[in-house]
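Note that the structure is predicted; figures quoted are calculated from it, not measured. Chain letters run A, B, ... following the sequence lines, proteins first and then strands; every chain starts at 1.
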Amino acid sequence: MTSAVNSLSNPSYAGGRAGFLAWAVAVLAAAGYALFSLQPLMNGYEVIILLLAAAGTLWLGHAWPSFRGLTLAVAVLTLVGLQQYGDQLANADTRFLLVYVLASQSAIMWMSALFILATPTYFAALLARSPFTGQVASGLTWSAVAMGLTGLLVRWRETYLVGADIGYIPISNLYEVFVLFCLITALIYLFYERRFQTRALGGFAMLVISAAVGFLLWYSHSRGAHVIEPLVPALQSYWMKIHVPANFIGYGCFSLAAMIGVAALLRYRAAPAGRLAQLLPEPALLEEFMYRAIALGFAFFTLATILGSLWAAEAWGGYWSWDPKETWALIVWLNYAAWLHMRMTKGWRGPAMAWWAIVGLFVTLFAFLGVNMFLSGLHSYGEL
Amino acid sequence: MSSRLLRFLGSMPLAVTLLSAVAIASVIGTLLQQNQPYQDYLIKFGPFWHQVYLSLGLYDVYSSLWFLLLLAFLVASTSVCLLLNGPAIVASASDYREHLHSKILAHMPEHQQWRVFAPLSLVQGQLQQLLQQYGYRLRSRADGERVLIAAKKGSANRFGYICAHLAVVVICIGGLLDGNIPMKWQSLFGSLAIETRDLPASQVPAASRLDTDNSAFRANISIPEGSAADFAFINVGRGYVLQELPFQIRLKDFRIEHYSTGQPKSFQSDLVLRDPERDTTLEKTISVNEPLRYRGFNIYQASFEDGGSKLDLTLRPLIEPAANPEALDVSVRVNDSVKVTAPDSSELKLEIEDFRAYNINRTAASVERGQDFRDDGPSFQFKLRRVDGSAREYRNYMRPVTLEGRDYLLSGTRGSQAEPFRYLYIPVDAAGSADTFFEMLHLLHDDDRLAQVIRDRAGQRPSEDERELTQQLTGATLTILKLFRDGGYGAIAEHMDTSVPEDQRQFASEAYIKLLHGGLRSLYLEVLDQSADSGLSESQSLFLDDAISALAGVPNYGAPFYIALNDYEQRQASGLLIARSPGKLLVYPGFALLLAGIFLLFYIAQRRVWIELREADDGRVQVDIAGESNRLQDEFRQEFEQLASQARQAPEQASR
Ligand code: HEM
């Protein structure tokens, strides 16, 4: 454990200080270039969002060396993708690199395949206690994230190629946010993988991501959901760019906490000297992991709900309208507030909290999907 | 007694119970659709459960008394919790605990001990400096032969508790201020009367008006282009009250822009706001995410509808068209009605309900490509009301719509809003008009000409000795044509059921259909002015098939005419939402407080370190270092170990 903590606080091991500085300069240059060249497309708020995003990236890269590698890989892949496109959407059907790798749909397919491969690999690493297999699993997961992120960035450009007046940030429909969900959940998991120095939980985390990938594939094949459609007027807002990511950090954390809950339940049942007890981390670690995921998720979910409320005030004329989506956000929020209280003030631990985290996933799932599917309201954008 | 009540209110079990209760009530409010017409609930749940749900307020959960009480309890509980715990938390956060007993140090989560050869005061100075380097604030206390350095950092964590919980209270109070409690109060105990009649604004009685002082409301108004309003309506339960505004809003223009793919891209209203009190005039274009803010009022683009477009219509008779072949021209506005006389002299009221300039549809192919769309052109919706009050609803399209390569004038009809429209497809001829169809219809209804046409066209073929058979056949054809004309295929089937023995029906029905189609083909040829043997081109036979289907539909169409839209002058109305919510002034700072509080609670840990220095018997100084943290224990352990190892080295370096 101590060694884990040491490597966390010591950001110099990969690439060293000079490496970080070079990378930081590259990030700032990219942000500056975007600011300069995309200026006509952005309003003041969007400039602020861009600057905050750059600051966030710098902070993450500072605290987490592997993240720097990810940004570099994604930047290269995305630039190649954009270069291949030029200003012709039709190139998606003819250029080899686009057809097989870099067009958003192809990249997202790669992401899906890699996530699905990572799942059994993590479990194999766990059962065989093979550190090498574990590294492979992590590598697959990182690659999946890189491909998915590239897919979304290339898609951003594609929306503008479909029509200059159509372009939008590709986290605006269910297909796109599912990709975002997979990416964010995987990144949060990878962060904690390093933080807690254990790959034992990778398989569990990948299960929920694989389920999302399954839904994504079904949704895009049977419903043609991957098609780029223009945004309805209600969604054309800079709020989209902050409200949605904040929400999905919340959803990702809660999903992860539920999967740790599953692992914890197995661990509690394991015979003290049994094989399972050997394989899975100590209950204390699992509980800490679950708490940290829920705390992080709660913070971001609070932020997301507040942003949503401010957006609603601007678009619908009220910061709270008891619209089903809003109401379910409140329910999710109250649920985790109660969870945190029981842990902090009553010191609750053990199976009950694990079960509660799992139930929380279903509540979250309903808020995320069920509301759109079963309930009507302002968020279904039926009217305007 | 009262302290016991307070302790109950501020207790964690009550808090968690209240959180769960609010969550469950919220679930009910989303699963049961809120604020629907009572009629719908009655049908869904039956009279008994409807009454139960109604009295529980389940149809409007979020403004029901019990739900508001629940929220009030949550606010009370959180406030009391804050009152009970807050002072102690602040006190303990600012307390360095420099009186800590030596024995306790050994039981701290982190503890190390060593001895060092150096003067105590030197060690003390160095360690204090080290702690300060780590960001600790400290207080030292000398007590006989021992010195205790008490240090802490991250006390903001404890203020996080206060911020987060105060924020919940502040947000709820702000929200309640903006809620409809004041109005509820006035309508329960005051003079405010909820109006349920459909009145023009000027006739709404004073008891149902709120003057411009009302500080918190959400009201709606639909303003037609070119018109103005200085009021809006607040929906209350099943009625409304009128909210007066201190300014007048005029709608100059309303626009819908479309993407190249046909979907709507923006809804925009050009508004002119005139404020007599301040003698100002303001022009602004608002759209969905860009409201107009003025004097604490926010004006939003909420919806749109028709604002009274003028439609030029032609009524073409469908019944008794032979006696009244004349079409009737009328001009009428949307939301208006006119009296019209049907060909059978019955009186009808034509009520125009809606008009749409576009009907944008996406075809299966367009979904694939995400590109193409089809605009089926303008359409309008109307009701034809009979004297007895019963009415059918119709939706007609102005231009022919192409389906599978053929063009039709579409007219949908339904008996009630619960049903989908069922469409009559009137085929359009090669010249692009419905005239051919209507000529066939007229001919079918003109008994004399009909008989003549059938006879003439039948006479051309059979030989002399078949004359009697021919006569029988034309007679039968005429009977069937008339049955078909007045009742469609259903009438023919009914006729067969009463006049043909059961075992011959199969055979008879085939014969009937043959005669019917032969007869209708003759009518069509007559209209085309062609001889029988010249035959029909492929498109002509398709037209004939379509005409037969349409004629079969006419008897069930329910209207004495088909109403064609010739021209229109569109006038739209923009639906505005006008809101005033002073509670924002509490709610928004509350949001900031909540975020700050949660961040402090989760990501700032309160860390304490104590270092006890004591002259030992061997002349050395004994150092006892201990520490604890209320969050992020792993990180603290790491920091503590680093701190301790540096603390061990410091005096040795100094003494060297
Ligand atoms: C919607 C209402 C509430 C919200 C959102 C809320 C939120 C929170 C959060 C986020 C924490 C931090 C948990 C952690 O550090 O893991 C917390 C702690 C706490 N809450 Fe609440 N709370 C609410 C209502 C209440 C009420 C009604 C009480 C009174 C019984 C209460 C008492 C406490 C206490 C005693 C703590 C522990 C503080 C500490 O020692 O760190 N909370 N609350």
Side-chain angles (χ1 to χ4, degrees), chain A residues 1-2 4-6 8-9 162-163 165-166 195 224 227-239 288 292 295-296 298-299 302-303 306 309-311 313-322 324 327-328 330-331 334-335 337-338 341-342 344-346 363 371 374-377 383-384, chain B residues 12 15-16 19-20 22-24 26-27 29-31 33-34 61-63 175 178 218 259-261 263-267 287-291 298-304 367-371 577-579 581 583-584 587-588 591-592 594-595 598-599 601-603 633-635 637-639 641:
Chain A
M1 175 62 71
T2 310
V5 173
N6 275 330
L8 178 83
S9 68
V162 169
D165 61 345
I166 287 177
R195 170 67 189 73
V227 173
I228 293 173
E229 303 253 5
L231 291 188
V232 297
L235 297 185
Q236 300 162 8
S237 170
Y238 63 90
W239 288 104
E288 181 69 13
R292 296 235 175 152
L296 183 67
F298 187 76
T302 308
L303 175 67
I306 288 175
S309 169
L310 297 176
W311 185 4
E314 189 162 310
W316 300 334
Y319 51 79
W320 198 261
S321 323
W322 294 104
T327 310
W328 273 90
L330 178 71
I331 293 163
L334 292 172
N335 176 53
H341 277 100
M342 289 326 253
M344 287 317 296
T345 62
K346 297 275 156 189
V363 179
V371 172
F374 303 116
L375 307 175
S376 64
E383 289 301 310
L384 247 180
Chain B
M12 189 50 67
V16 170
L19 292 181
S20 318
V22 173
I24 290 167
S26 304
V27 171
T30 61
L31 295 187
Q33 255 201 352
Q34 302 284 290
V61 169
Y62 309 117
S63 55
D178 281 346
R218 272 150 69 84
Y259 288 109
S260 52
T261 55
Q263 291 108 316
K265 176 175 162 185
S266 71
F267 303 94
S287 60
V288 173
N289 274 303
E290 282 165 36
N298 290 332
I299 302 169
Y300 304 89
Q301 179 69 60
S303 61
F304 66 94
V367 172
E368 256 307 294
R369 221 24 258 163
Q371 209 87 59
L577 173 71
I578 301 170
S581 45
K584 266 183 199 167
V587 172
Y588 288 5
F591 284 165
L594 181 62
L595 278 178
I598 286 176
F599 176 79
L601 270 170
F602 291 151
Y603 295 107
Q633 269 91 2
D634 292 342
E635 283 83 345
R637 183 172 311 131
Q638 182 216 343
E639 182 190 80
E641 278 163 10

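With sequence neighbours left out, Arg292(A) forms a side-chain hydrogen bond (donor to acceptor under 3.5 Å, both in side chains) with Glu288(A), Glu635(B). Considering only residues two or more places apart in sequence or on other chains, Glu639(B) meets the side-chain hydrogen bond (donor to acceptor under 3.5 Å, both in side chains) condition with Tyr136(B), Lys153(B), Arg607(B).
Contacts of Ala579(B) with chain A are made by side-chain atoms alone, with heavy-atom separations under 4.5 Å and no backbone atom involved. If you measure heavy-atom distances from Phe599(B) to chain A, you find no contacts under 4.5 Å at all. Interface residue Ser266(B): only backbone heavy atoms are found under 4.5 Å from chain A. The parts of Trp322(A) that come within reach of chain B are both its backbone and its side chain, each placing non-hydrogen atoms under 4.5 angstrom from that chain. In this structure, chain A has heavy atoms under 4.5 Å from both the backbone and the side chain of Val27(B).
Under the 4.5 Å side-chain criterion, counting only non-hydrogen atoms from C-beta, Phe591(B) is not in contact with Thr302(A). For the pair Ser26(B)/Trp328(A), no side-chain contact is recorded, criterion being any heavy-atom separation below 4.5 Å from C-beta on. Using a 4.5 Å heavy-atom cutoff, the side chains of Leu296(A) and Phe602(B) are not in contact. The shortest distance between side-chain heavy atoms of Gln236(A) and Ser287(B) does not fall below 4.5 Å.
The 12-atom threshold is not exceeded at CD of Glu290(B), counting heavy atoms of other residues, nucleotides or ligands nearer than 6.0 Å.
Note that CD of Glu314(A) and CG of Asn298(B) are 9.5 Å apart. Values are rounded to the nearest 0.5 Å.
A donor-acceptor contact shorter than 3.5 Å is absent between the side chain of Tyr319(A) and the backbone of Tyr588(B). Checking side-chain atoms of Tyr259(B) against main-chain N and O of Glu229(A) turns up no donor-acceptor pair under 3.5 Å.
For the residue pair Trp239(A)/Asn289(B), the side-chain donor-acceptor check at 3.5 Å is not satisfied.
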(message) Run Lys265(B) and Ile166(A) through side chain to side chain contact (heavy atoms under 4.5 Å, CB included) and show every step you take.
(response) CA-CA 9 Å; Lys265(B) 176 175 162 185; Ile166(A) 287 177; over 6 Å; no
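Taking chain B as the reference chain and counting heavy-atom pairs below 4.5 Å, the highest number among Leu303(A), Ile331(A), Leu330(A) is found for Ile331(A).
Residues Leu595(B) and Ala299(A) come closest through the heavy atom pair CD2-O, 4.4 Å.
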